[in-house]
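Here's the structure, in structure tokens; my notes come after.
The analysis underlying the following values was restricted to heavy atoms, covering all of them including side chains, and did not include hydrogens, waters or symmetry mates. In this text, all values refer to a predicted model and were calculated from it rather than measured experimentally. All chains are named by letter (A, B, ...) in the order of the sequence lines, taking the proteins before the strands, and each is independently numbered beginning at 1.
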Amino acid sequence: MSDTLVAEEITVRVNGDECAIPAGLTVDRLLEHLSLNPRMVVVERNCEILRRESLAETVVHEGDSLELVHFVGGG
Amino acid sequence: MSEALLDSPAALDTPLVIADRPLRSRLMLGTGKYRTNAEMVAAIEASGTEVVTVAVRRVDLDRTKEEGVLHHLDPSEYLLLPNTAGCYTAEDAIRYARLARAAGFTNWVKLEVIGDQETLLPDADATLRAAKELVADGFVVLAYTNDDLITALRLEDAGCAAVMPLASPIGSGLGLVNPYNIRTIKARLSVPVIVDAGVGTASDAAVTMEQGVDGILMNTAVAEARDPVRMGRAMALATEAGRLAYLAGRMPRRERAVPSSPLAGMLD
């Protein structure tokens with residue numbers, strides 16, 4: 001019997017840095033995994049901006065490149 | 001009757017309207033460079049401004065930087081105006097504008113495409129190309145530009161909701177270096193003209209508004225003042241004073257003196 005407690009990990013690029021994350025996460029779950037508030041963050045996945053409504057439906061795949069942005073102070 | 005006039009600010013001026021949206025202040029403020037978030041919030045409140053600009057940047061996953069600005073400013077109290085600061089190409093500016101819109105607060109954007117890192121002067125050609133594409137994509141585009149009439153006219157023709165010529169370079173505090181160009185732009189454009197960049201202190205804001213422009217945007221002048229809250233209030237007053245002076249119609253300049261007291265009735 002396989003050890004189902006070992007979570008599979010995938011490698012993705014987030015904000016320019018490679019990192020390992022649990023496999024099978026949807027984007028909104030990934031944001032939670034990173035302790036981010038999905039309502040405050042805009043996600044671009046492989047150069048495509050994700051609509052907020054689709055964050056719960058979009059699964060993160062191996063090799064995805066994600067940009068997570070938000071509003072900061074600026075002139 | 002003069003007391004009634006002074007008691008009713010609405011009677012002295014009409015509101016600034018951009019893209020059919022009346023605004024409660026002709027002063028707009030940036031949210032960058034403040035020493036603390038508390039100071040930023042207090043200065044913005046003191047200024048009475050409604051429109052505040054914000055930038056779009058990567059979330060800091062290591063949490064070494066400050067949280068996002070929306071943790072400190074209530075987006076229901078202010079009209080957020082995302083900028084495309086830091087973009088040197090039309091493509092980048094368009095990307096940042098789309099990211100900003102995806103946040104779900106607004107389809108307004110302050111379009112900036114910079115052409116030179118040292119002066120931060122705008123790249124007019126790239127700004128125009130980005131403006132056309134963003135207007136076609138449904139954005140309300142307020143375009144930061146230089147003080148050249150031709151560029152301003154082209155941005156208006158491209159469908160920008162407002163044109164924002166600089167007073168002087170971003171963060172320079174040099175004030176309005178070319179009032180003639182700004183007056184020319186205001187005289188020829190139909191869309192609102194909002195002077196953006198270079199204001200240093202209250203008199204700069206007043207002089208700028210006296211040219212007849214519709215509004216003014218500043219950031220460094222308030223954020224880098226020793227007391228940003230006082231300066232925010234000063235800028236609110238200066239913006240209003242300059243606007244009223246413009247509407248009042250100033251006296252002419254003369255090179256010969258004209259006495260203010262009567263010549264007749266002097267003693268022997």
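For chain B, the nearby parts of A:Leu34 are the backbone and the side chain; heavy atoms of each come within less than 4.5 Å. For A:Arg52, the part lying under 4.5 angstrom from a heavy atom of chain B is the side chain only. Heavy-atom distances place the side chain of B:Leu80, and not its backbone, under 4.5 Å from chain A. Interface remark: B:Ala197 contributes no atoms to any contact with chain A (heavy atom separation under 4.5 Å).
Note on B:Gly104, B:Ala103, B:Ala85: by heavy-atom pairs under 4.5 Å with chain A, the leading option is B:Ala103.
Here the CG-SG distance, from B:Leu61 to A:Cys19, works out to 8.0 Å after rounding to the nearest 0.5 Å. In this structure, A:Glu67 CD and B:Arg57 CZ are separated by 12.0 Å, a value rounded to the nearest 0.5 Å. Between B:Thr31 atom OG1 and A:Phe71 atom CZ the span is 10.0 Å, to the nearest 0.5 Å. Expressed to the nearest 0.5 Å, how far CG of A:Asn15 lies from CG of B:Asp60 amounts to 9.0 Å. To the nearest 0.5 Å, atoms CD (A:Glu48) and CZ (B:Arg98) are separated by 12.0 Å.
For the side chain to side chain contact (heavy atoms under 4.5 Å, CB included) criterion with B:Val59, the lone passing option out of A:Val42, A:Val41, A:Leu31 is A:Val41.
Looking only at distances, a side-chain donor or acceptor of B:Asn83 sits under 3.5 Å from a matching main-chain atom of A:Gly75. B:Arg58 contributes no side-chain N or O that, together with a main-chain N or O of A:Leu68, makes up a donor-acceptor pair within less than 3.5 Å.
Between B:Thr53 and A:Gly74, the shortest heavy-atom distance links the atoms OG1-O, 2.9 Å.
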Dump the intermediate steps for salt bridge (Lys or Arg N to Asp or Glu O under 4.0 Å) on A:Glu44 and B:Arg95, then the final yes or no. CA-CA 10 Å; A:Glu44 193 192 72; B:Arg95 181 188 187 194; 2.6 Å; yes
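Residues of residues 130-146 of chain B never come within less than 4.5 angstrom of chain A, heavy atom to heavy atom.
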